[in-house]
Amino acid sequence: MSSIRSDAAARRALLLDAADAVFREHGITAPLELIVERAGVGRATLYRNFPDRTALMEALLQRTIQQIQVHLQELGDRDDAVFELIEGMAQRIVHSPALADYWRAVDRDNPAIHKARQYALQLMEPALHRAKAAGLCRDDLQLADLSLISGMLGAALRGRTADDRAALARRAIELLRPGLSAAATTERR
């Protein structure tokens with residue numbers, strides 16, 4: 001029985017990997033048939049796992065949340081973890097631009113999207129508190145500001161290639177990081 005579940009989980013992961021690659025290459029409106037071909041599974045397998053494009057997009061969003069959780073576990077209790085999470089946001093925008101653009105454009109009141117965003121912010125909250133306590137970031141930095149920062153990093157989506165997006169994301173972080181530092185608030189006073 002567990003072999004059947006692990007096979008199903010492997011097929012689901014394969015489909016998500018294929019969807020991520022197809023959407024990265026062709027945009028989120030790419031025919032779902034391309035995902036089936038890339039994954040090397042039957043159409044029924046796709047629809048058994050994801051009845052429609054929305055379900056597939058929500059599963060990709062959940063996978064992103066899981067990646068944030070893993071990243072946080074790897075970072076442990078580092079005081080600078082919030083800055084590493086911001087770098088991670090930039091990397092996701094660079095490597096999955098179609099998905100990043102979709103999640104930025106979708107209705108913020110969509111229950112699945114809203115829940116995922118809130119959960120992601122809750123995951124990042126301890127890292128933000130540690131950075132503040134360590135004096136690494138400004139005291140007035142709020143959890144909601146991390147969403148704003150994500151939106152600012154979204155400007156990297158203007159890059160036509162992954163290299164262009166990476167350069168734009170690096171530059172955005174170079175500009176953002178000094179403004180996030182504790183020194184920024186003392187200089188403004």
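Throughout, numbering of the chain's residues begins at 1 and tracks the sequence. None of the values given here were measured: they were computed from a predicted structure.
Residue pairs satisfying the salt bridge (Lys or Arg N to Asp or Glu O under 4.0 Å) criterion with at least one member in residues 47-57, sequence neighbours excluded, are absent.
Residues that satisfy the side chain to side chain donor-acceptor pair (under 3.5 Å) test with Glu25, not counting sequence neighbours, are Arg38. Partners of Asp17 under the salt bridge (Lys or Arg N to Asp or Glu O under 4.0 Å) rule, at least two apart in sequence or in another chain, are Arg63. For Tyr119, the side chain to side chain donor-acceptor pair (under 3.5 Å) partners are Gln69, not counting sequence neighbours. Residues passing the side-chain contact (heavy atoms from CB on, under 4.5 Å) test with Ala134, sequence neighbours excluded: Asp79, Leu136. Remark: Ala59 engages Arg12, Leu16, Phe50 in a side-chain contact (heavy atoms from CB on, under 4.5 Å) (not counting sequence neighbours). With sequence neighbours left out, Glu174 forms a salt bridge (Lys or Arg N to Asp or Glu O under 4.0 Å) with Arg171. Scored by the side-chain contact (heavy atoms from CB on, under 4.5 Å) test, Ile28 finds Phe23, Met57, Ala98, Leu99, Tyr102 as partners (sequence neighbours excluded). Looking at residues two or more places apart in sequence or on another chain, you find a side-chain contact (heavy atoms from CB on, under 4.5 Å) between Ala112 and Glu58, Asn110.
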Could you list the donor-acceptor pairs under 3.5 angstrom formed between side-chain atoms of residues 120-132 and any protein atom two or more places apart in sequence or on another chain?
from, atom 1, to, atom 2, distance (Å)
Glu125, OE2, His129, NE2, 3.4
Arg130, NE, Asp77, O, 3.4
Arg130, NE, Arg78, O, 3.2
Arg130, NH2, Gly76, O, 3.3
Lys132, NZ, Asp139, O, 3.3
Lys132, NZ, Leu141, O, 2.7

Expected list for residues 29-37: side-chain donor-acceptor pairs under 3.5 angstrom, two or more places apart:
from, atom 1, to, atom 2, distance (Å)
Glu33, OE1, Arg43, NE, 3.1
Glu33, OE1, Arg43, NH2, 2.6

Identify all side-chain donor-acceptor contacts of residues 87-97 below 3.5 Å with residues at least two apart in sequence or on another chain.
from, atom 1, to, atom 2, distance (Å)
Gln91, OE1, His95, NE2, 3.1
Arg92, NH1, Gly88, O, 3.4
Ser96, OG, Asp20, OD1, 3.0

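Leu15 places none of its side-chain heavy atoms less than 4.5 Å from the side chain of Leu56.
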